[in-house]
Amino acid sequence: MLENLPKTYNPKDFEDRLYKYWEDNGYFSPKIDKTKKPFTIMMPPPNVTGSLHMGHALNNTIQDILIRWKRMDGYEALWQPGTDHASISTEARVVAKLRSEGKSKEELGREKFLEEAWDWTHLYGGRIKNQLKKLGVSCDWSRERFTLDEQLSKAVEEVFIRLYDKGLIYRGNRIVNWCPSCKTAISDAEVEHEDSHGHIWQIRYTLKDSTGFIEIATTRPETMLGDLAIAVNPNDERYKGLIGKTAILPLVNREIPIIADEYVEMEFGTGAVKITPSHDPNDFEVGERHGLGQLIIMNEDGTINSNGGVYEGLDRYEARKKIVEDLEKNNYLVAVKDHDNAVGHCERCKTTIEPLISKQWFVKMEPLAKPALEAYEKGELKFIPERFGKIYAHWLENIKDWCISRQLWWGHRLPVYYCDTCGEIIVSRTKVDKCHKCNSSNVRQDTDTLDTWFSSALWPFSTLGWPDKTPELDYFFPTDVLVTGYDIIFFWVIRMVFSSIEQMGEIPFKDVFLTGLVRDSQGRKMSKSLGNGIDPLEIIEEYGADALRFTLVTGNSPGNDMRFYIERVEANRNFANKLWNATRFVLMNIEEDLIYDSIDIDKLEQEDKWIISKLNKVIKDVSDNLGKYELGLGAQRIYDFIWDEYCDWYIEMVKSRLYGENKESKITAQKVLVFVLKNILKLLHPFMPYITEEIWHHLPNNDKALIVSEWPKYNHEFEFEGAELAVEYIKAAIKSIRNARAEMNIAPSKKANTIFVTEDDTIKEIIENGKRHFMNLASAESITVFDNKEEIGEDNISVVLDRCEVFLPLKELIDYEKEIERLEKEKEKLEGEIKRVVGKLSNQGFVNKAPAKVVEEEREKQRKYEEMLNKVLERLESLNKSK
RNA sequence: GGUCGGUUAGCUCAGCUGGCAGAGCGCCACGUUGACAUCGUGGAGGUCGUUGGUUCGAGCCCAAUAUCGACCACCA
């Protein structure tokens, strides 16, 4: 007996130790080996100051499964890890921290603030890395990168300058989404629209010539302070006479023109729209068309500015309230109606977005989007599941320019300088002290930083050393698959694709595997505010990383949200325990000095061939599943094989040989036990890396770690169809016998002579060969095989099988009422089956058109069921007679 | 308004190219044989949301419909 395992599976005993062992041995670090194929995955960089949540656990588990599989399958597998500086959220946290200390970012100044931010980063920066390690991720930590690393910053700067030089980055005064809380512009992708129940106010503007008035409708009355016109549709008969006239803006008393523009929809509201070019994207365009100019009425914090007259200083919502009151007081307000519309919110802080005209930097998207779309349309870029391709394409087809400047300090500062003397804009790789145009030294760098996603868009190549030509970039790029949540397709996936095409000339990855959300057991999104988040680390602590990993990849399909149930983790922990104990059994029953590395096919017995043949199929299926990203199916396949075939049947079948006298048979069983177990461990390793590696080191003849062992291959020598059929027949027979005994309440300990009656030579042979199994697994005391039942007495339990009948002469235990009941049930079942089969076969269409194989199978079923039914009827008849 | 998902056992979900409906949990009965009670054996439980269609054959394909959900969207 070999070194034993502890009696129960306790993952805490070895998980951390094994992780260190893998890492210390450099197993996570691939080499550049041109004789081997690379396989690369870029880890979506978590926020540097973030902490591990179920979403991370899910997609990192998936990535780890793929990486471990490919590594074993002979690839140089690089999994590139790192973290993201997450400008807006990190900055918000540092600002909040400062506020709690009674300080503000402004009074601290840029330099000091950045010091604070770096302190914060260093304080929390290692946390998520250590949490990921707990999960067992086999990424190459020696290559860890951070988006603010010097190298990556260089890449950011390089891309900015290249795009600027190509005219793809420009500065413009345009309507942007402004977050009054974060006090920065954000991109369209960062705005979340949410339906809200609001109001629409109908307001009367008097005409200057006192000939009447015009009524407009608005959902944001406070913006009237910035009105520069009223627009109507040129085809609107109601207003034809008013076009060109002047209206007086209520409360403000500004004179504004009534203009005609196609943009106005006659059916909506009153058919007349107030135009506020500085605070609404549509109005902005109308304003441009009609040369209305601009009037900004709001400060960056959402309060009304000095252009708002008496309303100056009020928050936008206070101003709204006050303005409505004043309108009402002065009889300008005609009506208020309930009105639902979608309001934009800041993705980070949920504050309502204020559309605001502002001078910002933009990336011109159309030329970049086009090839990104083509890559998808040509099929170079694939999505799993496919439906996400449409979402990707739809976004690209409707893309708008990307606002990339942020009024934040934490991030990549724009490499842009302004000459205050001559107004020149200088974009430069190096610090600029003097204007190259007017030679003035009155030059200052732009204070803005870039959108975080601008740097993460470069992640697939910046982490490999770009813009330098590095061997890593040459070997590992492009990557193979991206695994990420569907919620960041717009933020990240799309931007990586076009950035990569633009800078590298090719797509950054071929496949995009999208995961769904992990929700709580009630189907709610896990969130901090709800307090319903489940901490992966707590789960790992209690059940082990393997159980958590297995839970996350089974029981759902890619791209679908999943509910997280602790019961499922428990079930998977139990599975690990099952494997653990199966291994203990094997270890208790093998010999130390035996060589287990080869098995001799000639010496294999029936059940050996059966399990090896089954294993062979599992190897094929799991490999296929992994290749198609069907991780859940693959995991399930191994689970079933381990539990239902290896543990429930093979181990049970082989026990008698292990305890028996036949030395050679025993050795063969021992070798097969170990052989199959080793293969199981390999197949399961990507899913449950810890337990498999731990067990592996207890098995004999293992010279290297499981993590770098070879992935099993399908082997044609292991196709044993005959043995498979035979063992499956035996299994079915054992189940039927057990069933009959259980229904008759006969304890398994009560052994019975078991008499088989069959004329079929194949069946006879199977039974003869399977005697042992009936004795051990079907409570048989002895086995007898007869050609017919004449030699058998009357007082039996009978079990009808395919081409065979089994009799258990347990006279004193038989309750004939029950036996009849049981057989009646059997009869009904068979009659139902026969009805179905006969129906099918009497359909000429089926017989003529279905594949011959299918028809033949049905015929065979008909024969089988009818034969079995006859036996049941016979049996019932004789029972009723003797009653 | 547009697009896309889900609807299968009591619960949560699988179900690959159309060919006898599956798993885990839960439930019922029995079980301490030296791997495992984190277990074993047996069992109950489903008109695959509804209606049509295609097909020899539909959980799967098509069309409607109901319902829940997600995403996109500048109707003031």
Side-chain angles (χ1 to χ4, degrees), chain A residues 5 7-9 175 192-193 200 216-220 223 231 263-265 267-276 280-285 339 341-342 344 355 385 387-388 390-391 394-395 398 486-487 489-490 516-517 521 523 543 547 551 554-557 559-565 567-568 570-589 621 624-625 628 630 632-633 636 639-640 647-648 651-652 655 659 735 738-743 745-749 776-777 833 836-837 840 843-851 853-855 857-858 861:
Chain A
L5 289 168
K7 193 172 173 187
T8 32
Y9 163 64
I175 293 275
E192 288 176 347
H193 291 272
I200 187 162
I216 58 90
T218 179
T219 55
R220 294 162 64 219
T223 61
Y263 149 72
V264 182
E265 285 185 36
E267 296 74 31
F268 192 89
T270 60
V273 192
K274 60 192 268 311
I275 299 297
T276 320
D280 182 279
N282 293 311
D283 293 9
F284 173 79
E285 281 170 27
H339 183 72
N341 67 337
R387 64 174 187 271
F388 288 107
K390 276 193 192 172
I391 294 175
H394 182 255
W395 174 268
N398 297 288
Y486 62 68
D487 50 335
I489 294 176
F490 308 133
L517 263 42
S521 59
Y543 298 95
T551 302
T554 51
N556 81 320
S557 47
N560 287 343
D561 291 357
M562 73 181 299
R563 292 188 194 201
F564 191 89
Y565 272 83
E567 291 85 350
R568 294 193 52 237
E570 218 168 281
N572 290 320
R573 188 270 322 265
N574 294 353
F575 167 60
N577 184 62
K578 184 76 182 175
L579 174 64
W580 185 266
N581 279 293
T583 304
R584 281 182 62 232
F585 173 82
V586 172
L587 291 174
M588 286 166 141
N589 289 287
D621 291 349
D624 288 351
N625 286 144
K628 289 190 278 184
E630 296 167 348
L633 292 181
Q636 193 62 47
Y639 180 103
D640 292 343
C647 294
D648 286 354
I651 285 182
E652 294 305 328
K655 276 180 178 170
Y659 306 145
K735 281 186 190 174
R738 281 173 175 172
N739 172 325
R741 295 180 55 114
E743 298 223 343
N745 291 326
I746 297 167
S749 56
N776 298 324
L777 306 175
E833 289 298 313
R836 191 186 57 79
V837 175
K840 230 174 172 179
N843 177 345
Q844 278 309 302
F846 174 73
V847 178
N848 295 332
K849 292 191 181 173
K853 193 179 153 241
V854 176
V855 177
E857 277 168 10
E858 291 300 317
K861 275 180 214 163

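All values derive from a computational prediction rather than experimental measurement.
- When the side-chain nitrogen and oxygen atoms of A:Asn574 are compared with OP1 and OP2 of B:C39, one or more of them lie within a distance under 4.0 Å.
- Summarising the geometry, the separation between CD on A:Gln636 and P on B:A14 is reported as 12 Å, rounded to the nearest angstrom.
- Rounded to whole Å, the distance from CZ on A:Arg563 to P on B:G69 is 11 Å.
- When distances run from any side-chain atom of A:Phe490 to the nucleotides B:U38, B:C72, B:A35, the shortest one goes to B:C72.
- Side-chain N/O atoms of A:Lys390 include one lying less than 4.0 angstrom from OP1 or OP2 on B:C4.
- Nucleotide B:C27 has B:G43 as its partner under the Watson-Crick or G-U criteria, with both atom distances under 3.5 Å.
- Picking from B:C56, B:G40, B:C20 the nucleotide with the shortest atom distance to the side chain of A:Arg836 gives B:C20.
- Between B:A35, B:G19, B:C13, one nucleotide has an atom nearer to the side chain of A:Met588 than all others, and that is B:A35.
- Phosphate proximity of B:A76 to A:Asn341: present, with a side-chain N or O under 4.0 Å from OP1 or OP2.
- Within the 4.0 Å cut-off from OP1 or OP2 of B:G26, not a single side-chain nitrogen or oxygen of A:Tyr565 is found.
- Looking at residues two or more places apart in sequence or on another chain, you find a side chain to side chain contact (heavy atoms under 4.5 Å, CB included) between A:Lys840 and A:Arg836, A:Phe846, A:Glu858.
- A:Val264 comes within 4.0 angstrom of a nucleotide base, judged by non-hydrogen atoms across all strands.
- Pair check for B:A37 finds none; no Watson-Crick or G-U wobble contact set falls under 3.5 Å.
- Mapping A:Ile651 and A:Ala217 onto RNA chain B by nearest heavy atom places A:Ile651 at the nucleotide closer to the 5' end.
- Looking only at atom types and distance, the side chain of A:Asn574 has no donor-acceptor partner in the side chain of A:Glu570 under 3.5 Å away.
- The partner of B:C48, taking Watson-Crick or G-U wobble pairs whose two distances both stay under 3.5 Å, does not exist in any strand shown.
- Between the side chains of A:Thr276 and A:Arg220, no donor N or O sits under 3.5 Å from an acceptor N or O.
- Across all strands shown, nothing is found opposite B:U54 as a Watson-Crick or G-U wobble partner with both distances under 3.5 Å.
- Here the nucleotide nearest the side chain of A:Asn739, chosen from B:G42, B:C13, B:C74, is B:G42.
- Nucleotide B:C74 forms a pair with no other nucleotide shown, judged by Watson-Crick or G-U wobble geometry with both contacts under 3.5 Å.
- Side-chain N/O atoms of A:Lys735 include none lying less than 4.0 angstrom from OP1 or OP2 on B:U41.
- Listed nucleotides B:C13, B:G19, B:A73 differ in distance to A:Ala850; the shortest reach to its side chain belongs to B:G19.
- In this structure, of B:C36, B:G40, B:A76, it is B:C36 that holds the atom nearest to the side chain of A:Asn577.
- Separating the CD atom of A:Glu857 from the P atom of B:G57 is a distance of 19 Å, rounded to the nearest angstrom.
- Between the side chain of A:Arg584 and the backbone N or O of A:Thr8 there is no donor-acceptor pair closer than 3.5 Å.
- Across all strands shown, nothing is found opposite B:G59 as a Watson-Crick or G-U wobble partner with both distances under 3.5 Å.
- Closest contact between the side chain of A:Tyr263 and the listed nucleotides B:A35, B:A76, B:C56 involves B:A76.
- Nearest-nucleotide positions on RNA chain B place A:Asn581 closer to the 5' end than the other of A:Asn581 and A:Ile391.
- No side-chain donor-acceptor contact under 3.5 Å links A:Arg568 to the backbone of A:Arg563.
- Among the nucleotides B:U41, B:A35, B:A76, the one closest to the side chain of A:Asp648 is B:U41.
- A straight line from CD of A:Glu567 to C1' of B:U38 spans 14 Å, rounded to a whole angstrom.
- As rounded to whole Å, 16 Å separates atom P of B:G24 from atom CZ of A:Arg573.
- Checking the phosphate oxygens (OP1, OP2) of B:C36, a side-chain nitrogen or oxygen of A:Lys7 falls inside 4.0 Å.
- Taking only side-chain nitrogens and oxygens, A:Arg220 never comes nearer than 4.0 Å to OP1 or OP2 of B:A76.
- Remark: A:Lys578 fails to qualify as a cation-pi partner of A:Tyr9 under the 6.0 Å distance and 45° angle criteria applied to the six-membered ring.
- B:G22: Watson-Crick or G-U partner is B:C13, with both key distances under 3.5 Å.
- The A:Lys578 side chain lies nearest to B:C39 when the options are B:A76, B:G24, B:C39.
- Between the side chains of A:Asp561 and A:Tyr486, at least one donor N or O sits under 3.5 Å from an acceptor N or O.
- A sub-4.0 Å separation between OP1 or OP2 of B:C25 and a side-chain N or O of A:Arg568 is absent.
- For A:Lys655 and B:U33, the shortest distance from a side-chain N or O to OP1 or OP2 is not below 4.0 Å.
- Between A:Glu652 atom CD and B:G40 atom P the separation is 10 Å, expressed in whole Å.
- B:G10 sits 35 Å from B:U55 when the C1' atoms are compared, rounded to a whole Å.
- Within the structure, every side-chain polar atom (N or O) of A:Thr218 is placed at least 4.0 Å from both OP1 and OP2 of B:A76.
- OP1 or OP2 of B:G5 has not a single side-chain nitrogen or oxygen of A:Asn560 nearer than 4.0 Å.
- Side-chain N/O atoms of A:His339 include one lying less than 4.0 angstrom from OP1 or OP2 on B:A76.
- Closest to the A:Ala571 side chain, of the nucleotides B:C72, B:A14, B:C25, is B:C25.
- Among the protein residues, A:Gly555 comes within range of the sugar-phosphate backbone only, with heavy atoms under 4.0 Å from sugar or phosphate atoms but none that close to a base.
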